[in-house]
Amino acid sequence: MADKTLTDYERRRIDNIRRNGEMMASLMLHQKASSLLYSRRSPSPKPQSKKPKLSSSPVAIRRSLRTQGLPPSSSTPPSDDSPSSPSSSDQPPSTPPWKQGPLRISDALVGDSPLSDRDLMDVIKSGSVASEVDDLGFDPMVEMCLKPENVARVLPERILSVRFLPFGDQVVVTVGDKAGNVGFWDVGKGRDGVYVYKPHASPVSGISVHPFAATKIFTSSYDGFIRLMDVEEETFNMIYASDFEIFSISQVPNDHNSLYCGEGTGILKAWDERAGKVSGSWELHEDRINTIDFNPQNTNSIATSSTDRTACIWDVRSINKDSPESLKKVQHLRAVHSAFFSPSGSCLATTSIDDKVIILSGSDFDDLSMILHNNQTGRWLSSFRAIWGWDDSFLFIGNMRRAVDVISTSNKTTISLESEHMTSIPCRFSAHPCLKGTMACATAGGKVNIWTKISR
DNA sequence: CGCATCCTTAGGCGG
DNA sequence: CCGCCTCCAGGATGCG
């Protein structure tokens, strides 16, 4: 009633200020326990005003919480958050999980998940980490289908990130949504296999699973934090805090201790987890970095895509700090939402809302080919990103007609996979790292569809 | 040029 | 079942 007298902007601004205040207060509480030094930008005078440029913002001193070696038992949350209280009123509950630094997995579990997530923990701990996929040819058009039991609403909000755990023997997918929720779906258990946690306050921009240890799952968020969900330690700890939104995350293949993220207006940061500090920082783009991808064949080579309309390939060993120069630059006409290396590492596929998918191939990525594709997702859908299948021959990308488009890289044709069970537009995709033919696509309504290989 | 403002869009949910 | 709400993406336009 009363807020009818306020404009949307005013309402949102008041809300932002209140949230920021609560955030500050709760972090101060934890400071004494964790010695986290933390400086957040003050609320902007106008909520719509752009995020501060690097130069105008105070530098925050950051400290890894995980390196403090906090035992799970010593990081007990405030005692007043008895799980029995339904807290159905709109009174703010005391210190919600996503405001806490160190955090136990069980404390981040969201109400409508199963009573215990013990089953999920056991599944993740017992899953056997993958072997390589075979190199036999595969035709998604004739070998993939969507079964009705492989569709579920996993999260309440728009999904931004989706990733399979790298198990060869069971299918578990993890997704992150706009509200900061991280969901797991143990697909074989049907809808009973859905678990939801809320470790973040803002959209979950990326999920990265350790390639040889599926019990370590990193999540990045617009809230400026990277968290590590460690199933062995049963913690969901904050390992990196930025003053800026984190838009992308990627782990260095074969390196347990190195993590890259894209934050703020075009900054690429390298995080050394063992040392608990930033080991590199480069201003690579003029706008947000939407994806970071390592070349599987040469892990010194990374590709970034940016809203500044370019995608670039860099050699991480030799980026000039003052004037970074890319090895390769793809110029689009609009924001670029992804740039991914093919499984062999010899091609790069970029996707832009200029309605083009560009493929670089050949020695030194000198050959460029282009496929026209409708990427006008608008405001309510996550932007489309063409991902590679299990070899260099095709790409998956969403289609606004509620279909999965399969782009053949050899003849540049597009064919649509459709299913009566896919009732909304698939936006974000993940190809299973070791099960050929198993592919997840996630939607703006929080649904996940798992396409699988037709069994014969 | 830097800004403010407006427009587009799909899907869940409530009445 | 229709109409309302979402609301920080990103571009276009138009202003000073």
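A note on names: the letters A, B, ... follow the listed sequences, proteins ahead of strands, and every chain is numbered from 1. The basis for the numbers below is simple: all heavy atoms, side chains too, and nothing from hydrogens, waters or symmetry mates.
With sequence neighbours left out, the side-chain contact (heavy atoms from CB on, under 4.5 Å) criterion links A:Ser221 to A:His200, A:Ser202, A:Asp223. Under the ring pair (Phe, Tyr, Trp, His ring centres under 6.0 Å) criterion, A:Trp390 pairs with A:Phe138, A:Phe396, sequence neighbours left out. Listed by chain and number, the residues in a salt bridge (Lys or Arg N to Asp or Glu O under 4.0 Å) with A:Asp354 amount to none (sequence neighbours excluded). A:Asp308 meets the salt bridge (Lys or Arg N to Asp or Glu O under 4.0 Å) test with no other residue; sequence neighbours excluded. Judged as a ring pair (Phe, Tyr, Trp, His ring centres under 6.0 Å), and not counting sequence neighbours, A:His373 has no contacts.
Atom CD of A:Glu157 is separated from atom P of C:dC8 by 10 Å (rounded to the nearest Å). The nearest whole Å value for the distance from the CG atom in A:Asn375 to the P atom in B:dA10 is 14 Å. In this structure, A:Gln376 atom CD and B:dA10 atom C1' are separated by 14 Å, rounded to whole Å. Between A:Lys178 atom NZ and C:dC8 atom P there is a gap of 6 Å when expressed in whole angstrom units. C:dC8 atom P lies 16 Å from atom CG of A:Asp287, rounded to whole Å. When the P atom of C:dC7 is taken as reference, atom CG of A:Leu160 falls 12 Å away, rounded to whole Å. In this entry the distance linking CD1 of A:Ile289 with C1' of C:dA9 reads 17 Å, nearest Å. In this structure, CG of A:Asp354 is placed 13 Å from P of C:dG10, rounded to the nearest angstrom.
Between A:Arg288 and C:dC8, a side-chain N or O to OP1/OP2 separation shorter than 4.0 Å is absent. Taking 4.0 angstrom as the limit, A:Thr307 places a side-chain polar atom (N or O) nearer than this to OP1 or OP2 of C:dG10. Contact between the side-chain N/O atoms of A:His337 and the OP1/OP2 oxygens of C:dG10 is found at a separation under 4.0 Å. The phosphate of B:dG12 has OP1 or OP2 within less than 4.0 Å of a side-chain N or O from A:Lys447. Contact annotation: A:Arg379 does not reach the phosphate of C:dG11 (side-chain N/O to OP1 or OP2, under 4.0 Å).
Applying a 4.0 Å cut-off to non-hydrogen atoms, the residues of residues 399-407 of chain A that approach DNA chain B are A:Met400, A:Arg402, listed by residue number.
Residue pairs meeting the salt bridge (charged side-chain N to carboxylate O under 4.0 Å, His left out) criterion with at least one partner in residues 395-408 of chain A, sequence neighbours excluded, are A:Arg401-A:Glu418. Within the structure, the salt bridge (charged side-chain N to carboxylate O under 4.0 Å, His left out) test picks out the following pairs touching residues 321-342 of chain A (sequence neighbours left out): A:Lys328-A:Asp366. Counting only residues at least two apart or on different chains, the salt bridge (charged side-chain N to carboxylate O under 4.0 Å, His left out) pairs with a member in residues 150-164 of chain A are A:Glu157-A:Lys178.
Stem list for DNA chain B (at least 3 consecutive Watson-Crick or G-U pairs, distances under 3.5 Å): B:1-8 with C:9-16, B:10-15 with C:1-6.
Residues A:Phe429 and A:Asn449 form no side-chain contact, since every pair of their non-hydrogen atoms from C-beta on lies 4.5 Å or further apart.
Residue A:Arg158 is the one, among A:Arg334 and A:Arg158, whose nearest nucleotide of DNA chain C lies closer to the 5' end (criterion: closest heavy atom).
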Review item, side-chain donor-acceptor pairs of residues 419-427 of chain A, under 3.5 Å, at least two apart:
{"from": "A:Ser419", "atom 1": "OG", "to": "A:His421", "atom 2": "N", "distance (Å)": "2.9"}
{"from": "A:His421", "atom 1": "ND1", "to": "A:Leu146", "atom 2": "O", "distance (Å)": "3.3"}
{"from": "A:Thr423", "atom 1": "OG1", "to": "A:Lys447", "atom 2": "NZ", "distance (Å)": "3.1"}

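Centre separation under 5.5 Å together with a plane angle under 30° does not hold for the ring of A:Tyr222 and the six-membered base ring of C:dC8, so they are not marked as stacked.
Summarising the geometry of A:Leu160 relative to A:Asp177, their closest heavy-atom pair is CD1-C, 3.8 Å, with the distance given to 0.1 Å.
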Which atom pairs link the protein and nucleotides 13-15 of chain B when you take only N or O atoms and keep those under 3.5 Å?
{"from": "B:dC13", "atom 1": "OP1", "to": "A:Arg153", "atom 2": "NH1", "distance (Å)": "2.7"}

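Here the nucleotide nearest the side chain of A:Trp380, chosen from C:dC8, B:dT9, B:dG11, is B:dT9. Comparing B:dA10, C:dA12, C:dG10 against the side chain of A:Ile425 picks out B:dA10 as the nearest.
Judged purely by distance below 3.5 Å, without hydrogens or angles, the side chains of A:Asp186 and A:Tyr195 never pair a donor atom with an acceptor atom.
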